[in-house]
**Student:** 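I'd like to ask some things about the structure below.
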Amino acid sequence: MRTRFAPSPTGPLHLGHAYSAILAHDMARAAGGTFLLRIEDTDTARARPEWEALIYEDLHWLGLDWPEPVLRQSDHLARYDAALDDLGRRGLIFPCSCTRADIRAALAAPQEGAMPTEGPYPGTCRHRLLSDRRDGDALRLDLGRAVAALGEDGPIGGFTETGPNHPGHHPLSAAGLAALHGDAVLGRKEIGTVSYALASVLDDATQGITHIIRGADLYEITFLQVLLQRLLDLPTPVYHHHRLIRDENGKRLAKRDDARAIRTYRDDGVRPEEIRRMVGLA
Ligand code: GLU
């Protein structure tokens, strides 16, 4: 068993991250397997070296260890680009200049905030050729062509989930993917950069990850990631989406939630064993 914790260095780790990392670590250790750490720093506008340094400190303090060297995604941009090229040669991606506001207007979505970040896309730029990509254009997957390229009549593969919320086998369907993700963004606006969904899938394969332990907030993107695995001929790991750690008001913790940052607990003299107890892993 090979598991990983794959934080983005865009803020301090909080109790939710501690839960995720400890769980992935403990599950690998219990099975005699390996736990890896991966730094997902492709969002160059938000990733900071000081947050990365703090990730190493916090995780070591929690008692976790992992093999070195740690894979840092910013060192592998050419490899992600090659995957985009591959999809491009097969006619499965197109350049898109739509802003979120454009997309909302095209869908006539009435209320602000109803639009998921990478959600269903009205197809405005779908006719555009990759060779016409302009600076500032994102790259989107042409979902219809991607599904057709796989040439399946029935379900387009699927994945096994072992987490508490949706345990079992989950087949992918064209309609389900269209409703959840549509033509998802795979290449970010800044040329040479890649979306989290694609980079993460490529590295799970590169690192031979067999079990993905992560928060329930990433359950839905799994359907897109499994589609990408099918398109790129990569193995599909087992997924385990764990419960989210919430504050006393039931709100899930966010990076800006400094009060629950692991560093704050450390500074306050809390012991690592107490963190385990606080997240229910004692
Ligand atoms: N880098 C992602 C995050 O910080 C997690 C990726 C994953 O576990 O698949 O939310």
Side-chain angles (χ1 to χ4, degrees), residues 1-28 34-49 51-56 58-59 64 66 70-77 80 116-118 159-163 165-166 170 180-181 184-186 188 193-229 232 234-246 252-257 260-262:
M1 183 190 274
R2 278 165 82 84
T3 67
R4 52 46 165 202
F5 177 55
S8 304
T10 55
L13 298 186
H14 55 60
L15 280 183
H17 296 104
Y19 178 62
S20 205
I22 297 172
L23 194 62
H25 175 270
D26 288 4
M27 284 172 80
T34 308
F35 164 78
L36 300 181
L37 172 65
R38 178 167 80 226
I39 301 294
E40 298 208 324
D41 57 349
T42 53
D43 185 349
T44 44
R46 292 169 61 226
R48 296 264 179 285
W51 296 129
E52 183 179 335
L54 188 59
I55 289 172
Y56 302 132
D58 284 344
L59 295 178
L64 309 189
W66 52 85
V70 167
L71 190 156
R72 301 171 68 247
Q73 290 190 324
S74 56
D75 295 333
H76 294 262
L77 298 182
Y80 311 135
T117 330
E118 299 189 339
F159 66 96
T160 299
E161 167 70 40
T162 61
N165 289 336
H166 315 269
H170 298 284
L180 267 183
H181 298 293
V185 170
L186 299 186
R188 294 180 197 263
T193 60
V194 68
S195 75
Y196 144 72
L198 178 61
S200 198
V201 147
L202 290 167
D203 284 334
D204 285 331
T206 305
Q207 299 192 287
I209 303 302
T210 61
H211 291 72
I212 296 199
I213 324 294
R214 62 184 183 186
D217 52 328
L218 293 171
Y219 171 74
E220 287 186 351
I221 203 150
T222 309
F223 290 82
L224 172 63
Q225 293 190 313
V226 172
L227 174 69
L228 294 175
Q229 288 155 4
L232 297 166
L234 305 172
T236 294
V238 172
Y239 286 86
H240 183 100
H241 291 93
H242 59 68
R243 67 186 166 83
L244 299 178
I245 304 291
R246 298 180 183 277
R252 66 178 260 232
L253 303 182
K255 287 234 169 83
R256 56 188 174 279
D257 235 332
R260 287 162 192 87
I262 303 305

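Counting convention: from 1, in listed order, for ligands and their atoms alike. These values consider heavy atoms only, across backbone and side chains, with no hydrogens, waters or symmetry-generated copies.
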**Student:** Mind jotting down which residue pairs meet the salt bridge (Lys or Arg N to Asp or Glu O under 4.0 Å) criterion with at least one end in residues 200-215? Sequence neighbours excluded, please.
**Tutor:** Arg4-Asp204, Arg38-Asp204, Arg79-Asp203

**Student:** Provide the closest heavy-atom pair for His76 versus Leu71 in the form atom of the first, atom of the second, distance.
**Tutor:** NE2-CG, 3.8 Å

**Student:** Can you measure from CG (Leu224) to CG (Leu180) and round to the nearest 0.5 angstrom?
**Tutor:** 9.0 Å

**Student:** Atoms of ligand 1 less than 4.0 Å from Glu40 heavy atoms?
**Tutor:**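 Near Glu40, meaning under 4.0 Å from one of its heavy atoms, ligand 1 has 1 (N), 2 (C), 5 (C), 6 (C).
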
**Student:** Take the angle between the ring planes of Tyr219 and His166 and call it parallel below 30°, perpendicular above 60°, tilted in between.
**Tutor:** parallel

**Student:** Does ligand 1 have any atom that is closer than 4.0 Å to a heavy atom of Gln225?
**Tutor:**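 The answer is no: ligand 1 sits nowhere under 4.0 Å from a heavy atom of Gln225.
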
**Student:** So, using side chain to side chain donor-acceptor pair (under 3.5 Å) as the criterion, who are the partners of Thr236 when residues are at least two apart?
**Tutor:**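 If we apply the side chain to side chain donor-acceptor pair (under 3.5 Å) test to Thr236, skipping adjacent residues, the hits are Gln229.
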
**Student:** Do any N or O atoms from the side chain of Glu161 and from the backbone of His241 form a donor-acceptor pair under 3.5 angstrom?
**Tutor:** yes

**Student:** Relative to ligand 1, is Ser8 under 4.0 angstrom through side chain, backbone, both or neither, heavy atoms considered?
**Tutor:**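 For Ser8, the contact with ligand 1 is made by both the backbone and the side chain.
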
**Student:** If we set the cut-off at 4.0 Å for heavy atoms, which region of Tyr196 has an atom near ligand 1: side chain, backbone, both, or neither?
**Tutor:**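 For Tyr196, only side-chain atoms sit under 4.0 Å from ligand 1.
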
**Student:** With a cut-off of 4.0 Å, which atoms of ligand 1 are near a heavy atom of Ser200?
**Tutor:**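 Answer for ligand 1: 9 (O).
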
**Student:** Which of the numbered atoms in ligand 1 are below 4.0 angstrom from a heavy atom of Arg214?
**Tutor:** 7 (C), 8 (O), 9 (O)

**Student:** Taking distance alone, with N or O pairs closer than 3.5 Å, would you say Pro7 contacts ligand 1?
**Tutor:** no

**Student:** Does only the side chain of Leu218 get under 4.0 Å from ligand 1, or the backbone, or both, or neither? Count heavy atoms.
**Tutor:** side chain

**Student:** Under 4.0 Å from a heavy atom of Arg4: give me the atoms of ligand 1 that qualify, with their elements.
**Tutor:** 7 (C), 8 (O), 9 (O)

**Student:** For a quick test of reading the model, state the closest non-hydrogen atom pair linking Pro7 to Leu13 and the distance between them.
**Tutor:**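 Looking at all heavy atoms of both residues, the shortest contact is CB-CD2, 4.2 Å.
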
